[in-house]
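First comes the structure, then the notes that go with it.
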Amino acid sequence: MTVTVREATPEDLPDILRLVHGLAEYEKEPDAVEATEADFAAVMFPADGHPNTFGLVAEADGQIIGIAIWFHTFSTWTGKNGIWLEDLFVSPELRGSGAGTALLGRLAQICRERGYTRLEWCVLKWNTPSIGFYESLGAKAQDEWETYRLDREALKEFADSVSS
């Protein structure tokens with residue numbers, strides 16, 4: 001099986017959403033996906049302006065088997081952009097095909113080509129297969145950092161509390 005990686009197109013949105021649902025199931029959150037094809041289209045392929053979210057797809061035998069959804073970050077220390085990998089997912093039955101390595105490899109190439117200084121992502125602490133895969137590529141855990149999030153009601157309440 002030959003795996004190829006290319007930039008996502010609007011025609012890929014049904015497969016992207018299918019794989020996002022697969023990721024939600026894998027991460028034990030099968031009902032968490034609220035996003036629609038229209039939501040992805042608005043940020044990846046906007047009618048006006050520039051995209052702020054990007055995607056790569058991995059294909060094998062004419063089928064999309066993996067995705068990498070990403071956006072730009074910025075480091076105040078280096079003064080350079082980087083890539084935040086929001087989601088990397090390969091269909092479970094095709095793991096080991098090289099699709100994950102190909103997707104991450106293309107992101108690393110984009111960083112090099114554009115002078116970006118970082119490629120970063122999060123992984124669930126229980127996801128030992130993925131952690132092992134990332135470490136095999138040379139990725140290092142950033143254990144000294146904690147991720148914080150305001151969302152849903154907490155975000156609304158905080159925003160309301162500081163409104164002018």
Side-chain angles (χ1 to χ4, degrees), residues 3-60 62-75 80-127 129-131 133-139 141-142 145 147-152 155:
V3 174
T4 59
V5 172
R6 62 172 174 78
E7 290 187 27
T9 67
E11 293 75 27
D12 299 325
L13 291 174
D15 285 311
I16 289 170
L17 194 56
R18 172 181 57 81
L19 290 169
V20 168
H21 280 277
L23 173 63
E25 287 182 31
Y26 179 77
E27 291 185 351
K28 302 175 181 151
E29 295 279 347
D31 299 321
V33 179
E34 298 174 13
T36 65
E37 287 180 35
D39 293 327
F40 278 95
V43 296
M44 295 174 73
F45 311 106
D48 296 319
H50 300 286
N52 60 29
T53 305
F54 308 90
L56 298 175
V57 296
E59 291 181 307
Q63 300 294 314
I64 294 177
I65 63 166
I67 56 169
I69 306 297
W70 63 276
F71 55 88
H72 293 111
T73 60
F74 180 77
S75 168
K80 306 280 185 195
N81 283 110
I83 286 177
W84 181 266
L85 175 59
E86 180 63 19
D87 284 322
L88 176 74
F89 186 72
V90 174
S91 295
E93 65 276 9
L94 293 163
R95 293 192 183 136
S97 66
T101 301
L103 287 162
L104 280 170
R106 180 63 193 127
L107 289 172
Q109 290 171 342
I110 291 169
C111 286
R112 187 185 61 211
E113 291 164 4
R114 299 180 187 178
Y116 298 167
T117 56
R118 295 179 180 167
L119 172 56
E120 300 175 293
W121 62 92
C122 286
V123 61
L124 290 165
K125 291 182 180 188
W126 59 258
N127 193 350
S130 293
I131 291 168
F133 168 63
Y134 298 143
E135 289 177 349
S136 77
L137 301 175
Q142 300 297 298
W145 293 90
T147 301
Y148 283 80
R149 175 182 296 162
L150 277 172
D151 67 357
R152 304 192 186 273
L155 178 61

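Sequence positions, counted from 1, serve as the residue numbers for this chain. The model shown is predicted, which means the values in this text are computed figures rather than measured ones.
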With side chain to side chain contact (heavy atoms under 4.5 Å, CB included) as the criterion, how do Arg6 and Ile64 come out once you've worked through the C-alpha distance, each side chain's angles and the decisive distance to 0.1 Å?
CA-CA 10 Å; Arg6 62 172 174 78; Ile64 294 177; 4.0 Å; yes
Could you tell me which non-hydrogen atom of Leu13 sits nearest to which non-hydrogen atom of Glu37, and how far apart they are?
CD1-O, 3.8 Å
To check you understand the geometry: which heavy-atom pair defines the closest contact between Leu19 and Phe89, and what is its length?
O-CD2, 3.4 Å
Assign the ring pair Tyr26 / Trp126 to parallel, tilted or perpendicular, where the plane angle (0 to 90°) is split at 30° and 60°.
tilted
Pairwise distance CZ(Phe71) to CD1(Ile83) - rounded to 0.5 angstrom
11.0 Å
CG (Leu103) and CG (Leu85) are apart, to the nearest 0.5 Å, by 9.0 Å
In short, Ile69 meets Gly55 closest at the heavy-atom pair CD1-CA, 4.1 Å
Is there a side-chain contact between Trp121 and Leu88 (heavy atoms, below 4.5 Å)?
no
For Glu113, does the CD atom sit with more than 12 other heavy atoms under 6.0 Å from it, leaving out its own atoms?
yes
Interatomic distance, CG@Asp12 vs CD@Glu59, rounded to 0.5 Å, equals 7.0 Å
Closest heavy-atom pair, Leu107 versus Ala68, reported as atoms and distance to 0.1 Å, is CD1-CB, 4.1 Å
Are Val20 and Ile67 side-chain neighbours, meaning at least one heavy-atom pair lies under 4.5 Å?
yes
Which pair of non-hydrogen atoms, one from Asp39 and one from Glu34, has the smallest distance, and what is that distance?
OD2-O, 4.0 Å
Heavy-atom check, side chain of Ser75 versus side chain of Lys80, under 4.5 Å:
no
Before you tell me yes or no, could you show the steps for Cys122 and Trp84 under side chain to side chain contact (heavy atoms under 4.5 Å, CB included), namely the whole-Å CA-CA distance, both residues' side-chain angles and the distance that decides it to 0.1 Å?
CA-CA 9 Å; Cys122 286; Trp84 181 266; 3.6 Å; yes
Measuring from atom OG1 of Thr117 to atom CZ of Arg112, what distance do you get when rounded to the nearest 0.5 angstrom?
15.0 Å
Determine whether Ile110 and Trp70 make a side-chain contact, defined as any pair of heavy atoms from C-beta on separated by less than 4.5 Å.
yes
Counting distance only, does the side-chain N/O of Ser91 pair as donor-acceptor with the main-chain N or O of Glu93 below 3.5 Å?
no
Go through the steps to decide whether Arg106 and Glu7 satisfy the test salt bridge (Lys or Arg N to Asp or Glu O under 4.0 Å), and finish with yes or no.
CA-CA 10 Å; Arg106 180 63 193 127; Glu7 290 187 27; 5.3 Å; no
State whether the side chain of Ser97 and the backbone N or O of Leu94 hold a donor-acceptor pair below 3.5 Å, judged by distance alone.
yes
For Phe133 and Leu104, the nearest pair of non-hydrogen atoms, with its separation, is CE2-CD1, 3.7 Å
Is a donor on one side and an acceptor on the other found under 3.5 Å between the side chain of Arg114 and the backbone of Asn81?
no
